[in-house]
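What follows is a single structure, written as structure tokens, with notes after it.
As the structure lists them, so they are numbered: ligands from 1, and atoms in each ligand from 1. In this chain, numbering begins with 1 at the start of the sequence shown. Everything quoted here is computed from the prediction, not taken from an experiment.
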Amino acid sequence: MKIFLDTADIEEIRAAARWGVLDGVTTNPSLYAKVSNGAPYEQILADACKITSGPVSAEVVADDVEGMLSEGRAFAKIAKNIYVKVAMSENGLEAISRFRAEGIKTNCTLVFSTNQGLLAAKAGASLISPFVGRLDDINEDGMIVIRELAEIFAIHEIDSEILAASIRGPLHMTQAALAGAHIATLPFKVLQQMIHHPLTDKGIATFKADWAKAQAEVAAAGH
Ligand code: E4P
């Protein structure tokens, strides 16, 4: 199970890489807008690609096929590990299929149904991104899409990888892993929530205190 960071914040990407748990990065226009501070999107993508050798998703915003191709080809020139992120649509499928023919890897985004995921795989997307949290938000069980796609891809030996996106908390991560997602992309905060546990923090504090007490006794004994 691979873990991607769902962020355009370079410091967050650096931290996850230092922790040894980073397999890739997903960005989108909203994540970029949060941190851009005047920096071009391409610069942030280039920096991310230097930190991880795993896939870094760069999202196109054009609606027409030629526009998607032109934006995606430019992103693909930034680094070998760029995956062009294309939203599910009729034009999106065509662009994914054309990128595939050109050897450019893609991530089909804004997938909300199993059939959309199946079509994205047929068109040649390397990564398929069902949005779990946004489905949960409208009172649907987003994890069903992950589970059904995992089963279909296994039955039909489909190579595309299922990337659980729109992850809202640590429980989503566990559920996505159990449902058969190949990858989950996490906000930095969720990654931190996965690390911490109150009993771990309490245990560390107790060990430190006991160690200090024992060392004081060693010193008092004149050693
Ligand atoms: C990832 O590729 C998606 O862009 C992202 O997970 C969307 O998450 P959100 O629903 O929290 O915006």
Side-chain angles (χ1 to χ4, degrees), residues 1-10 12-13 16 21-36 41 44-45 48-49 51-52 54-63 68 71-72 75-76 78 81-89 92-93 95-96 99 104-114 116-117 119-121 123 125-146 149-150 160-177 179 181-194:
M1 175 89 185
K2 285 174 267 189
I3 292 181
F4 288 5
L5 215 52
D6 198 20
T7 187
D9 184 323
I10 292 300
E12 291 180 352
I13 297 168
V21 297
L22 184 71
D23 296 306
V25 172
T26 51
T27 68
N28 64 34
S30 308
L31 293 170
Y32 164 60
K34 267 193 211 169
V35 299
S36 79
Y41 188 34
I44 287 172
L45 294 168
C49 287
I51 299 167
T52 177
V56 172
S57 291
E59 187 156 345
V60 298
V61 291
D63 296 322
M68 290 175 185
E71 288 176 27
F75 289 147
I78 294 172
N81 50 331
I82 286 283
Y83 280 49
V84 178
K85 211 174 179 193
V86 181
M88 164 55 66
S89 68
L93 287 175
I96 287 168
F99 281 130
I104 293 174
K105 298 259 177 54
T106 53
N107 171 358
C108 183
T109 191
L110 291 170
V111 167
F112 292 95
S113 76
T114 304
Q116 286 182 322
L119 287 173
S126 298
L127 306 176
I128 314 289
S129 293
F131 275 36
V132 174
R134 291 193 198 184
L135 279 169
D136 287 4
D137 290 345
I138 57 159
N139 204 28
E140 288 188 28
D141 183 355
M143 217 48 79
I144 289 176
V145 180
I146 304 285
L149 282 174
S160 307
E161 292 185 285
I162 302 159
L163 192 168
S166 188
I167 295 287
R168 298 274 195 259
L171 188 57
H172 268 165
M173 172 73 214
T174 309
Q175 289 170 334
H182 302 95
I183 309 159
T185 189
L186 309 178
F188 187 69
K189 186 179 158 215
V190 175
L191 186 60
Q192 287 180 308
Q193 287 172 325
M194 285 170 62

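- The single protein non-hydrogen atom nearest to atom 7 (C) of ligand 1 is Phe131 CE2, 3.6 Å, given as residue, atom name and distance.
- At under 3.5 Å, a nitrogen or oxygen of Asn28, whether backbone or side chain, sits near a nitrogen or oxygen of ligand 1.
- Near Lys85, with a cut-off below 4.0 Å to any heavy atom, the atoms of ligand 1 are 1 (C), 2 (O), 3 (C), 4 (O).
- Here Arg168 pairs with Asp137 in a salt bridge; the nearest charged N to carboxylate O distance falls below 4.0 Å.
- Atoms of ligand 1 lying under 4.0 Å from at least one heavy atom of Arg134, given by number and element, are 7 (C), 9 (P), 10 (O), 12 (O).
- Side chain of Asn81 to main chain of Thr52: a donor-acceptor pair is present (N/O by atom type, distance under 3.5 Å, no hydrogens or angles).
- Some N or O of Ser166 is nearer than 3.5 Å to an N or O of ligand 1, by distance alone.
- Counting only heavy atoms from C-beta outward, the side chains of Tyr32 and Thr27 never approach each other to under 4.5 Å.
- Among the atoms of Arg168, some N or O lies under 3.5 angstrom from an N or O of ligand 1.
- Across all their heavy atoms, Leu5 and Thr185 have their closest contact at C-OG1, 3.4 Å.
- Between Tyr41 and Phe75, the ring planes are perpendicular. Angles over 60° get that label, and only those under 30° would be called parallel.
- Annotation for Met68 and Val60: closest pair O-CG1, 3.7 Å, computed over non-hydrogen atoms.
- At least one heavy atom of Asp6 lies less than 4.0 angstrom from ligand 1.
- Close contacts between ligand 1 and Ala165 involve ligand atoms 1 (C), 6 (O) [criterion: under 4.0 Å to a heavy atom].
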